[in-house]
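Beneath this line is the structure, given in structure tokens, with notes to follow.
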Amino acid sequence: MPTPGTSPTPTDVRRGALGAATAMFCVGTLTGVSPALHDYPVYGGQAVRYLVGAVLLFAVAQAFGKGPVRLTRREVFFLVALALTGLTAFNVLIVESTRFADPATVGTVVAAVPIVLALLGPVMERRKPAPRVLTASVVVVAGVVVTSGFGGGSPLGLLLALGALACEAGFSLLALPVLGRLGAIRVSAYSAAIAVPQLVVVGLVLDGPHLVRVPTTSEALALGYLAVVVTVFAFLCWYTSLPKLGADRAGLFSGFLPVGAVVSTVVLGTGQPRLADLVGACLVLVGLAIGLRPARVREVSSPRRR
């Protein structure tokens, strides 16, 4: 794992890029799976998803010799904050924002996360923001905006979407201080487990006794997919890649979210790609090329200076 102030190796960049792209692609497939859960209680469903995900993650941790460790107060603080913002509050704000704004508007606002990470990620890692990565993040956001399109909504909807944007950034930034000692598996397992009671409380307040119910076959399959692929697999990919790339470069791969959404809707037969989807994907790839190139150039040239 690269230490703050050092450049990742070319191998780190390649592995990190593959992991980050895979993670964001998997998260993007939520769009194709979500219709199966339209009639299931939202917050109860998320609590079930993270509960199953946490159980699986702890099993994976045990299998790889990464069992529970004694957490410091600092680690507990960051893990609770990570679960509260990046998992619980993000889900609440996304759901509630779409009541007051079009999904396209909400998606467009949250898509600005690469810019936030390009600015704040280096600060968390005690280095200066890279102008090229910031430029790349703007290109990636432009690609996502083209894919998502612009919508409409009230000021309240926009405010809630901005809150979701902040929580999305917190999912990465709040993990950085604890990934070094705990590792990707433990951070994923602890954050998922902590989110469960938080979502149960939210569900009890908003849905009352209708927090959960026995799912239908299609709902059970969808919840299983969210737990195994979008929680366990995607979390591990993302938190393994984050230290390799740094939060700023890793944030560029959020551009793969709409790619996963388009592919999943086509595979499941719930939609067809538009010209805007293809143009947006091309812009995302251009942004990634811009943002990742400096790391590769520096690492290729540095051995010659030695």
Side-chain angles (χ1 to χ4, degrees), residues 1-5 8 16 19-20 23-24 26-27 46-47 49-50 53-54 57-58 61 66 68-94 109-127 129 133 137 160-199 201-202 230-254 257:
M1 179 184 298
T3 57
M24 291 296 101
C26 290
V27 174
Q46 292 299 315
R49 160 199 174 181
Y50 288 124
L57 283 165
F58 279 118
K66 304 288 185 179
V69 295
R70 186 179 180 84
L71 299 175
T72 65
R73 292 182 179 180
R74 177 176 177 273
E75 289 167 341
V76 170
F77 169 80
F78 278 105
L79 288 170
V80 171
L82 167 60
L84 183 61
T85 58
L87 302 184
T88 303
F90 177 78
N91 279 287
V92 173
L93 290 170
I94 286 292
V109 172
V110 176
V113 70
I115 297 178
V116 177
L117 293 179
L119 291 170
L120 298 183
V123 175
M124 295 284 292
E125 297 168 352
R126 299 180 182 179
R127 56 186 174 84
V133 176
S137 69
L160 292 171
L162 288 171
L165 168 62
C167 291
E168 176 68 7
F171 181 73
S172 297
L173 297 177
L174 292 171
L176 288 172
V178 294
L179 275 170
R181 189 176 86 93
L182 299 181
I185 301 178
R186 290 193 184 103
V187 170
S188 299
Y190 282 128
S191 60
I194 294 171
V196 175
Q198 295 174 351
L199 283 163
V201 171
V202 174
V230 182
T231 301
V232 176
F233 182 64
F235 276 32
L236 290 177
C237 286
W238 183 251
Y239 284 140
T240 300
S241 301
L242 192 59
K244 291 182 171 64
L245 295 173
D248 50 352
R249 289 188 174 87
L252 299 177
F253 288 88
S254 63
L257 281 165

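As the structure is a computational prediction, the values presented were derived from the model and not from experiment.
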Contacts of [X] that satisfy side-chain contact (heavy atoms from CB on, under 4.5 Å) - sequence neighbours left out:
{"X": "R73", "answer": "none"}
{"X": "V232", "answer": "L56, L57, L236"}
{"X": "V116", "answer": "L120, L165, A169"}
{"X": "A61", "answer": "K66, I185"}

So which heavy atom on [X] is nearest to which on [Y], and how close?
{"X": "L82", "Y": "S191", "value": "CD2-CB, 3.8 Å"}
{"X": "L117", "Y": "G251", "value": "CD1-CA, 3.6 Å"}
{"X": "R127", "Y": "D248", "value": "NH2-OD1, 2.9 Å"}
{"X": "A23", "Y": "A234", "value": "CB-O, 3.4 Å"}
{"X": "A20", "Y": "L245", "value": "CB-CD1, 4.0 Å"}
{"X": "A247", "Y": "L176", "value": "CB-CD1, 4.0 Å"}

Residues pairing under salt bridge (charged side-chain N to carboxylate O under 4.0 Å, His left out) where one sits in residues 110-123, two or more places apart or in two chains, turn out to be none
Kindly compute the distance separating [atom1] ([X]) from [atom2] ([Y]), expressed to the nearest 0.5 Å.
{"X": "L87", "Y": "C167", "atom1": "CG", "atom2": "SG", "value": "10.0 Å"}
{"X": "Y50", "Y": "N91", "atom1": "OH", "atom2": "CG", "value": "4.5 Å"}
{"X": "L174", "Y": "F77", "atom1": "CG", "atom2": "CZ", "value": "7.5 Å"}
{"X": "S188", "Y": "L182", "atom1": "OG", "atom2": "CG", "value": "10.5 Å"}

The complete set of side chain to side chain donor-acceptor pair (under 3.5 Å) pairs with one or both residues in residues 170-182, sequence neighbours excluded, reads E75-R181, S172-W238
In chain order, what residues pass the ring-ring contact (aromatic ring centres under 6.0 Å, His included) check against [X], with sequence neighbours excluded?
{"X": "Y190", "answer": "F58"}
{"X": "F235", "answer": "F171"}
{"X": "F233", "answer": "none"}

Contacts of [X] that satisfy side-chain hydrogen bond (donor to acceptor under 3.5 Å, both in side chains) - sequence neighbours left out:
{"X": "S241", "result": "none"}
{"X": "R186", "result": "none"}
{"X": "T88", "result": "Q198"}

- Query: Are V196 and I194 close enough, and set up right, to give a side chain to side chain contact (heavy atoms under 4.5 Å, CB included), and what steps lead you there?
  - Reply: CA-CA 6 Å; V196 175; I194 294 171; over 6 Å; no
TODO: Check whether any side-chain heavy atom of R49 lies under 4.5 Å from a side-chain heavy atom of V230, and answer yes or no.
DONE: yes
Margin query: Using side-chain heavy atoms (C-beta onward) and a distance below 4.5 Å, is C237 in contact with M24?
Written below: no
